[in-house]
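Below, each value reflects all heavy atoms present in this structure, side chains not excepted, and no hydrogens, waters or symmetry copies.
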Amino acid sequence: MNKAIIKCPHCGKSNRVPAVADGRPRCGSCHRELPWVVEAGDDDFGEIAERSGVPVLVDFWAVWCGPCRMVSPVLDQLAHERAGQIKLVKVDVDHSPQLSARFAIQAVPTLMVIVDGKIVARQAGAAPAPVLRSWLEGALTK
């Protein structure tokens, strides 16, 4: 299973964070909650995103997509702000054609929020940080 290296925003230590785990990732040094940012694809999306114990923000993106590159830092910031509350799952549409077809992804970036295995919000296209923050907040309070 994939593991991401996440630098703790509190103490600066690097931590290996698995894509799938019970509970929420915590820093091995200071024990504070870490942002959870992982990648998923056709083979592991169900386990990583749909069976997650925390709400999931899914980013369907592509390397060649300019708006995706503009939105990505905002999504990373939201994952940091909501450490312990959400998991950010990034899906490269060019490497995950089955997921792209399953979710009818026609534009990138496309964002979804999944809570308890169900899609509670979906948005296509890039948006400014305040709009994305508000959209995520609304999706998590449904």
Does the side chain of D92 come within less than 4.5 Å of E39's, by heavy atoms?
no
Taking the side chain from K87 and the backbone from G53, do they hold a donor-acceptor pair closer than 3.5 Å?
no
Test your reading of the model: is there a side-chain donor-acceptor pair from T110 to the backbone of A107, 3.5 Å cut-off?
yes
H10 atom NE2: more than 12 heavy-atom contacts under 6.0 Å
yes
Measuring only between side-chain heavy atoms, which start at C-beta, is L78 closer than 4.5 Å to W135?
no
Measure from the side-chain N and O atoms of S72 to the backbone N and O of C68, and report whether any donor-acceptor pair falls under 3.5 Å.
no
How close do A79 and P35 get, heavy atom to heavy atom, and via which atoms?
O-CB, 3.6 Å
Give me the one residue out of V17, L34, I6 that meets side chain to side chain contact (heavy atoms under 4.5 Å, CB included) with C27.
L34
Exercise: identify the closest heavy-atom pair between E33 and G84:
OE1-CA, 3.4 Å
What I'd like to find out is whether the side chain of I86 reaches to under 4.5 Å of the side chain of L136, using heavy atoms alone.
yes
Short side-chain to backbone donor-acceptor contact, W36 and P18, under 3.5 Å:
yes
Please check: side-chain N/O of T141 versus main-chain N/O of G138, any donor-acceptor pairing under 3.5 Å?
yes
Please walk me through it: do L140 and V113 pass side chain to side chain contact (heavy atoms under 4.5 Å, CB included)?
CA-CA 8 Å; L140 294 175; V113 177; 4.0 Å; yes
Spacing of R32 atom CZ and K13 atom NZ [to the nearest 0.5 Å]
15.5 Å
Straight-line distance of S100 OG to H95 NE2, nearest 0.5 Å:
11.0 Å
Is any side-chain heavy atom of P109 closer than 4.5 Å to a side-chain heavy atom of D59?
yes
Would you say L99 ends up clustered with V63 if hydrophobic residues are merged whenever their side chains have heavy atoms under 4.5 Å apart, either directly or through other cluster members?
no
About how many Å separate CG of L75 and NZ of K90, when rounded to the nearest 0.5 Å?
6.5 Å
State, with a plain yes or no, whether a side-chain heavy atom of V108 is found less than 4.5 Å away from one of W64.
yes
Does one hydrophobic cluster hold both V74 and M70, with members joined at side-chain heavy-atom distances below 4.5 Å?
no
Are V131 and L111 in one and the same hydrophobic cluster, where Ile, Leu, Val, Met, Phe, Trp and Tyr link if side-chain heavy atoms are under 4.5 Å apart?
no
Working to the nearest 0.5 angstrom, can you tell me the gap between N15 CG and C8 SG?
6.5 Å
Residues, nucleotides or ligands: over 12 heavy atoms within 6.0 Å of D94 CG:
yes
Quick check on the hydrophobic clustering: are V54 and V89 connected, directly or via other members, by side-chain heavy-atom contacts under 4.5 Å?
yes
Do W61 and F103 sit in one hydrophobic cluster, given that two such residues count as connected whenever their side-chain heavy atoms are within less than 4.5 Å of each other, even indirectly?
no
Kindly determine whether Q77 and R133 satisfy side chain to side chain contact (heavy atoms under 4.5 Å, CB included), including the steps that lead there.
CA-CA 10 Å; Q77 180 61 38; R133 186 173 284 108; 4.3 Å; yes
Among V120, V115, D116, which residue satisfies the side chain to side chain contact (heavy atoms under 4.5 Å, CB included) criterion with P55?
V115
Taking atom CD of E137 and atom CG of L132, what is their separation to the nearest 0.5 Å?
13.0 Å
When rounded to the nearest 0.5 angstrom, what distance separates CG in D43 from CD in Q98?
7.0 Å
